[in-house]
Structures are given as C-alpha cells and as structure tokens.
Amino acid sequence: MPLHPTRVRLASAALLTVAGLVAAGTASAAPAPVAPAPVAAAAAPDIPVANVTAHLAQFQSIATANGGNRAHGRPGYKASLDYVKAKLDAAGFTTSVRQFTSGGRTGYNLIADWPGGDENQVVMAGAHLDSVTAGPGINDNGSGSAAILENALAVSRAQLKPAKHLRFAWWGAEELGMVGSRNYVNSLATGDRSKIDAYLNFDMIGSPNPGYFVYDDDPALEKIFQEYYTGLGIPTEIETEGDGRSDHAPFKSAGIPVGGLFSGADYTKTAAQAQKWGGTAGKRFDPCYHSSCDTTSNVNPTALDRNADAIAYALWGLAAQ
Ligand code: DTR
Ligand code: CA
Ligand code: ZN
Ligand code: ZN
C-alpha cells in the first residue's frame with residue numbers, strides 16, 4: 001500500500017526546512033530529530049475461500065433447519081446471527097446486538113468492534129445477514145456476510161494493530177428496505193457519524209454468473225478496489241444495478257463515504273461482459289436471485305474468493321492510513 005501522500009509531503013518539507021536553516025547558519029547546534037519512518041501498512045492476507053464457504057454451509061444448514069430461510073423475524077435469521085456472534089466473541093471482538101422492530105417482528109443488527117485503533121477514525125465493513133422468505137439467501141447475502149466474517153477472523157488471527165478503528169456489521173431486514181442499517185445510522189449521534197471515515201458494503205459478491213462491479217459513490221474508495229482488480233488483471237465496471245438499493249444507502253445519505261463490491265443480481269450478462277469475465281452471455285448474473293434455489297450451489301467460488309481478498313486489501317489499507 002503506497003505511503004500516504006500527505007505524510008510523504010510533510011516529511012520532505014520538514015527536511016527542506018532544516019536544510020534551509022543550517023545553510024543560513026541560524027539552525028541550533030543540535031540536529032533536528034528526524035521523523036521516524038512511517039510504519040508500512042501490514043500486507044493484507046489471503047482470505048481462505050474454504051473458510052468462507054464453510055460459513056456458507058453453516059448458513060445453509062441453519063436455513064434447512066428453520067423452514068428453508070434466514071429471513072427477518074424468523075428463527076433462521078437469529079440462528080444465523082448467533083453463529084456469527086459466537087465466532088466473533090471467540091476471536092476477541094467486542095460485539096453488541098441491537099434490536100429493532102419491523103413489520104411487527106423483532107429484528108437484530110450485530111455490531112463487532114476490533115479493540116484498538118483511533119475510535120475517532122472508524123473504518124466499517126457491513127453486509128446484510130437476512131435472506132428473503134423464499135429461500136436460504138446464500139449468495140444474497142450469505143456471501144457478503146461470510147466474507148466479512150472471515151475478514152474479521154483474519155484480523156484476529158493477525159492480531160492486527162491498525163491506526164484506525166475497525167468495525168464490522170451484519171444487518172437485519174435489508175430485504176424489507178435497508179431497515180436494520182437505517183436504524184443503526186439513525187441511532188448514531190451526529191458526532192459519532194462523523195467518526196466513520198468509510199463504510200464498505202458487500203451485498204451479493206459470489207453470484208454464479210459473476211460480474212465484477214465496484215461502487216462508484218466515493219472516488220477514493222472506488223480506486224482502492226479498482227487497484228486490487230487491476231493487480232489481478234481483471235477489468236471492473238461501475239455498479240449501476242442498484243444505486244441506493246442496499247445498506248450503503250443510509251450511510252451515504254448521512255454524508256459518510258461509501259464503497260463496495262457487487263457480483264450482479266437480476267440483470268443479464270452481455271456478450272462483452274462474458275468476453276472479459278467469462279461465464280454465460282444472455283444469462284442473469286444470479287438466476288436464483290430471491291429464489292429458493294439461492295443455495296450453496298448458487299455461488300461461484302472464484303468470484304467469492306477474489307471479492308473476499310479484495311475486502312482484505314481494502315480494510316488493511318484503509319485501517320493503516
Ligand atoms: N438490494 C439487494 C440486491 C441488489 C440489487 N442491486 C444491487 C446493487 C448493489 C448491491 C445490492 C444490490 C438485495 O436484494 O439484497
Ligand atoms: Ca483468497
Ligand atoms: Zn435480496
Ligand atoms: Zn442483498
């Protein structure tokens with residue numbers, strides 16, 4: 001991750017000033033202390049896709065044991081949340097479950113803070129954990145939920161000491177209209193909103209006929225993800241299928257910089273897209289979108305792996321700045 005340009009400019013300016021003073025004979029005898037070299041950002045780890053798919057298998061089992069879904073207000077949703085929370089508690093995160101009501105049913109958000117880092121500069125990653133009632137919601141949105149869970153566990157494995165504070169969130173009732181995430185943003189005091197430097201959203205990142213779409217809401221955040229995919233030699237496109245149709249929308253409305261990744265839902269892959277990404281032209285990116293067939297068979301592991309690793313690249317980079 002390149003050194004933060006501002007830091008490099010400041011350091012060189014300081015050196016030039018000292019040199020100027022010495023040349024003019026006005027500098028004090030003792031040489032000015034040289035700023036320590038900024039600590040290079042720790043390199044982001046590879047996120048094991050086998051671990052991510054293991055979380056998806058758990059979500060599938062939970063849905064199968066609870067009426068075939070993990071929808072808001074149904075047992076499968078709370079069982080999914082309990083699974084994720086248990087992993088995070090065991091990994092040393094500070095977790096909190098926030099209740100809300102929607103459609104006469106109780107919903108829950110799960111917030112997990114990694115201890116440490118400047119709490120006035122928060123980098124957030126979020127994904128909705130609920131499915132539609134029609135099915136288990138493994139791509140939509142077990143994929144995003146599992147990928148950020150495994151990233152959180154990777155932070156713990158690394159015992160990362162980031163400059164900024166890392167926070168992860170699993171939202172309830174997104175399928176009812178981003179209810180959980182909006183409830184969270186609305187509950188933030190104004191001062192707490194301004195502490196969130198970035199919110200990264202991951203909703204459908206393992207589509208079976210995948211595209212590689214990057215949110216273009218914030219240029220700097222868009223650039224990070226584009227950098228990652230350029231490194232893989234994979235061209236990306238701007239996400240246009242759902243402007244405002246996922247949990248980044250309430251954060252954006254609150255003036256918080258947002259970014260994220262998306263592998264496609266209801267739209268059909270064009271021939272040009274199939275040419276650069278593979279897969280099948282004339283077929284939807286996710287033919288099981290909001291259907292009972294959105295199971296563990298409805299995920300492209302390569303797209304899931306690439307996106308999980310892109311999340312790590314962004315989080316490690318942003319948290320170190
Ligand atoms: N609203 C999401 C699916 C969705 C559709 N378009 C986009 C764009 C960006 C993220 C998500 C989506 C859902 O059904 O959960
Ligand atoms: Ca990986
Ligand atoms: Zn959905
Ligand atoms: Zn979704």
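Count residues from 1 along the sequence. Keep in mind the model is a prediction, meaning the values are calculated, not measured. As the structure lists them, so they are numbered: ligands from 1, and atoms in each ligand from 1.
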| query | Taking only heavy atoms of Asp140, which atoms of ligand 1 are found under 4.0 Å from at least one of them? | reply | 13 (C), 14 (O), 15 (O)
| said: Looking only at protein heavy atoms, which one is nearest to atom 6 (N) of ligand 1, and what is the separation? | reply: Gly242 CA, 3.5 Å
| query | What about Tyr215 and His248, are their ring centers closer than 6.0 Å? | reply | yes
| task | With rounding to the nearest 0.5 Å, note down the distance linking CZ in Phe100 to CH2 in Trp171. | result | 9.5 Å
| field | Arg284 to Tyr289 six-membered ring, cation-pi geometry met (6.0 Å, 45°) | value | no
| message | Can a side-chain donor-acceptor contact be found between Thr133 and Asn69 if the only test is distance below 3.5 angstrom? | response | no
| query | For ligand 1, is there an N or O atom under 3.5 Å from any N or O atom of Ser246? | reply | no
| request: Would you tell me whether Glu174 and His72 have side-chain atoms, one donor and one acceptor, within less than 3.5 Å of each other? | output: no
| query | Of all the non-hydrogen atoms in the protein, which one sits nearest to atom 11 (C) of ligand 1, and at what distance? | reply | Asp203 OD2, 3.5 Å
| task | Note the single closest protein heavy atom to atom 12 (C) of ligand 1, along with its residue, its atom name and the distance in Å. | result | Phe262 CE1, 3.6 Å
| said: Considering both backbone and side-chain atoms of Glu175, is one of its nitrogen or oxygen atoms within less than 3.5 Å of a nitrogen or oxygen in ligand 1? | reply: yes
| query | Got the closest protein heavy atom to atom 14 (O) of ligand 1, with its distance? | reply | Tyr289 OH, 2.7 Å
| request: Could you list which atoms of ligand 1 come closer than 4.0 Å to a heavy atom of Glu174? | output: 1 (N), 2 (C), 13 (C), 15 (O)
| What about Arg245: any of its N or O atoms under 3.5 Å from an N or O on ligand 1? | yes
| said: Below a 4.0 angstrom heavy-atom separation, can you tell me which part of Asn141, side chain or backbone, both or neither, approaches ligand 1? | reply: neither
| message | Quick check on contacts: which atoms of ligand 1 are under 4.0 angstrom from a heavy atom of Met204? | response | 3 (C)
| task | Identify, by atom number and element, the atoms of ligand 1 in contact range of Glu239, meaning under 4.0 Å from any of its heavy atoms. | result | 8 (C), 9 (C)
| task | With the Zn ion (ligand 3) at the centre, find the angle made by NE2 from His290 and OE1 from Glu175, to 10°. | result | 90°
| task | For Asn209 and Lys269, run side-chain hydrogen bond (donor to acceptor under 3.5 Å, both in side chains): C-alpha distance rounded to whole Å, both residues' side-chain angles, the deciding distance at 0.1 Å, then the answer. | result | CA-CA 8 Å; Asn209 187 27; Lys269 183 178 280 185; 3.0 Å; yes
| task | Taking atom types as modelled, find out whether Tyr229 and Asn307 have a side-chain donor-acceptor pair closer than 3.5 angstrom. | result | yes
| request: Could you tell me if the ring centre of Tyr212 sits under 6.0 Å from that of Tyr228? | output: no
| How is the N/O/S atom of Asp203 that comes nearest to the Zn ion (ligand 4) named? | OD1
| query | Would you say His248 contacts ligand 1, with heavy atoms under 4.0 Å as the rule? | reply | no
| message | At less than 2.8 Å, would any N/O/S atom of Asp140, backbone or side chain, sit next to the Zn ion (ligand 4)? | response | yes
| message | So Thr236 and Phe213, do their side chains get closer than 4.5 Å, heavy atoms only? | response | no
| field | Pair Gln121-Gln321, side-chain donor/acceptor within less than 3.5 Å | value | no
| query | So, Asp294 and Asn139: side-chain donor and acceptor under 3.5 Å apart, yes or no? | reply | no
| query | In terms of atom number and element, which parts of ligand 1 are under 4.0 angstrom from non-hydrogen atoms of Tyr215? | reply | 9 (C), 10 (C)
